[in-house]
Protein chains: 2
Amino acid sequence: MMLPERTVERLSEYRRSLLQCLEEGKTHIYSHELAELHHNTAVQVRRDIMFIGYTSMQRKGYDVRELISVIGDILDSEKGLNVAVIGVGNLGRAITTYFVGKRSRLNIIATFDVDHNKIDRVISGVKCYPLNRLKEVVGTHNISIAIMTVPADSAVEVSEHLVEAGIKGVLNFTTIPLNVAPDVYLDEFDMITSLEKVAYFVKMTKK
Amino acid sequence: MMLPERTVERLSEYRRSLLQCLEEGKTHIYSHELAELHHNTAVQVRRDIMFIGYTSMQRKGYDVRELISVIGDILDSEKGLNVAVIGVGNLGRAITTYFVGKRSRLNIIATFDVDHNKIDRVISGVKCYPLNRLKEVVGTHNISIAIMTVPADSAVEVSEHLVEAGIKGVLNFTTIPLNVAPDVYLDEFDMITSLEKVAYFVKMTKK
DNA sequence: GTGAAACTGTGATTTAATTAACAATATTTC
DNA sequence: GAAATATTGTTAATTAAATCACAGTTTCAC
Ligand SMILES: NC(=O)c1ccc[n+]([C@@H]2O[C@H](COP(=O)([O-])OP(=O)(O)OC[C@H]3O[C@@H](n4cnc5c(N)ncnc54)[C@H](O)[C@@H]3O)[C@@H](O)[C@H]2O)c1
Ligand SMILES: NC(=O)c1ccc[n+]([C@@H]2O[C@H](COP(=O)([O-])OP(=O)(O)OC[C@H]3O[C@@H](n4cnc5c(N)ncnc54)[C@H](O)[C@@H]3O)[C@@H](O)[C@H]2O)c1
């Protein structure tokens, strides 16, 4: 049974706060505390936690360590998943640098590009392969997720290669919407739209 | 009257496709064509367009140029809005470089940092100011939107400065959720969550 | 010019997501 | 140890978003 998309997002966010709590020595947390950390309500938090079937010790709040672990059981794959970054320009490089070394079940283990100045170089410890070796490398390294940061005009073509190579999830940072096979999960991550949305609501509340 | 959030997002996306169409010399477009470009349905497109009160010439589809203009009337502010990037690290630099020069009503006109190696330097034509001049510069340059790309541990503090300085919209790229005054619009743009969400659905469809 | 075909615009309906309401349970106070 | 308090888990109600269904136009074919 698949959780609602918004719940999955919130669980990921909760987990990060919970890890923070743990560092601060907090062992238990109430639904309303978690809610306050995340612009939402205590009921919403409890509902999300209900979805994953965890129950707290009544009246004491949720056991932080346990909750982290249960969320992990839901979100993480047992052995983690391998990730590739496609297009190592400004954004691709920023992302790669950022993610590498983060303790996580998602490991960026390869990047791809077509620029000969980048190919075979190592960026933040991750090797850059030529795009035409995509299928091979995806296979041998068991990569299932791609982060797309190629220029807009090669996005469609590259996305087809990705599907062909056996990628099962795509996080698309390019500004053009993609079409992938129905068994491939696609998330469009659109900065321009986000910025325009902020601008719209700023404009509207000014009036 | 305020449009639903999702509709605003889609309008921004439609506009980009429409601009593309224009370049390709397409003068009219049907709802189902626009839908196909954006993983959604013709009815959804028509409903969104109905929201903004535009009507097509029956049976010919929407006039591309007109529709772009009407969406612009809804989304854009008359004179555009000024934007600042706070924290010019890897991500801040990538974003600044990307946005500058894009024909748009949203202009990145300043960046801020605390690192003396960055302050007073010009990045992609945009000057970097010291953070302690935030209020002054926001005032004199009439900046209303901030893109936050500072390290997580200074995010909360910086967000307070932003609100204090009179910023009205924040696009937050840091991994910790912020709390801003109720009249400030905040969008959390969370890459880790997005990636974890992709991973979850990949994991689930594998089974 | 008449009938069929192709689209749009929108009221009605359905589905999904959120919020309200409250019983059940544990804890504290006196 | 009874009453008051705080918190969870869940059913029911509400609200928001998406989809269906179809009437109303325009165009096209003949
Ligand atoms: N930088 C941003 O903040 C930002 C914001 C919004 C959207 N985007 C989108 O993200 C993408 C990347 O942006 P960027 O600023 O990093 O651009 P960039 O030009 O700095 O990087 C693009 C990289 O992709 C490589 N590349 C080109 N064709 C390729 C191919 N067919 N296969 C693999 N690699 C290829 C290039 O060699 C380069 O290294 C663009 O599509 C852009 O629209 C970026
Ligand atoms: N790079 C990514 O792909 C990525 C992904 C997810 C989240 N993020 C988040 O985005 C933020 C920036 O990431 P990054 O990779 O660019 O980091 P970075 O370390 O490269 O850049 C941070 C910049 O902020 C500046 N800074 C530090 N304190 C500041 C302050 N108080 N005021 C203004 N500027 C200050 C630093 O001098 C530096 O220039 C981080 O919060 C990170 O969690 C980044």
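The sequence lines fix the lettering, A, B, ..., with proteins before strands; numbering per chain opens at 1. Everything numeric here is computed off the predicted structure, so don't read it as measured data.
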Next on the checklist: Restricting to ring-ring contact (aromatic ring centres under 6.0 Å, His included), what partner residues turn up for F201(B), sequence neighbours left out?
Outcome noted: Y185(A)

Next on the checklist: Can you measure R47(A) atom CZ to dG9(D) atom C1' for me and round it to whole angstrom units?
Outcome noted: 9 Å

Checklist entry - How would you list all residue pairs meeting side chain to side chain donor-acceptor pair (under 3.5 Å) that involve residues 62-91 of chain A, not counting sequence neighbours? => result R15(A)-D76(A), Y54(A)-E66(A), N90(A)-R93(A)

Checklist entry - When the nearest nucleotide of DNA chain C is assigned to S56(B) and to N40(A) on a heavy-atom basis, which residue is associated with the more 5' position? => result S56(B)

Checklist outcome for this item: Students should find that the nucleotides of DNA chain C closing off the region near chain A, any atom under 4.0 angstrom from a heavy atom, are dA17(C) to dT27(C)

Checklist entry - Is the shortest heavy-atom distance from the side chain of L178(A) to the side chain of M148(A) under 4.5 Å? => result yes

Checklist entry - Around K102(A), counting heavy atoms of other residues, nucleotides and ligands shown, do more than 12 lie under 6.0 Å from its NZ? => result yes

Checklist entry - Using a heavy-atom distance cut-off of less than 4.0 Å, which residues of residues 28-38 of chain A contact DNA chain D? => result Y30(A), S31(A), H32(A)

Item to check | Rounded distance in Å - OH (Y62(B)) to C1' (dT25(D)) | outcome: 13 Å

Checklist outcome for this item: Atom CZ of R46(B) and atom C1' of dG24(D) are separated, to the nearest Å, by 13 Å

Item to check | Pairs touching residues 166-186 of chain A that satisfy salt bridge (charged side-chain N to carboxylate O under 4.0 Å, His left out), sequence neighbours left out | outcome: K168(A)-D183(A)

Checklist entry - For the pair made of CE in M50(B) and P in dG24(D), what is the distance, rounded to whole Å? => result 16 Å

Item to check | Result of checking I86(A), I147(A), V88(A) against T111(A) for side-chain contact (heavy atoms from CB on, under 4.5 Å) | outcome: V88(A)

Next on the checklist: Under the salt bridge (charged side-chain N to carboxylate O under 4.0 Å, His left out) definition, can you give me all pairs with a residue in residues 34-58 of chain B, not counting sequence neighbours?
Outcome noted: R10(B)-D48(B)

Item to check | Residue pair S124(A) / T97(A), side-chain donor-acceptor N/O under 3.5 Å | outcome: yes

Next on the checklist: Under 4.0 Å, heavy atoms only, any strand: does T55(B) hit a base, just the sugar-phosphate, or nothing?
Outcome noted: sugar-phosphate

Item to check | Gap between atoms CZ and P, on R6(A) and dA17(D) respectively (whole Å) | outcome: 12 Å

Next on the checklist: Measuring from the side chain of V43(B) (C-beta onward, heavy atoms only), which nucleotide among dT10(D), dC20(D), dG9(D) has the closest atom?
Outcome noted: dC20(D)

Checklist entry - Starting at the 5' end of DNA chain C and moving along, which residue's nearest nucleotide shows up first, Q44(A) or Y54(B)? => result Y54(B)

Next on the checklist: Angle between ring planes, Y14(B) versus H38(B), binned at 30° and 60°: parallel, tilted or perpendicular?
Outcome noted: perpendicular

Next on the checklist: Tell me whether the side-chain N/O atoms of T41(B) come closer than 4.0 Å to OP1 or OP2 in dA18(D).
Outcome noted: no

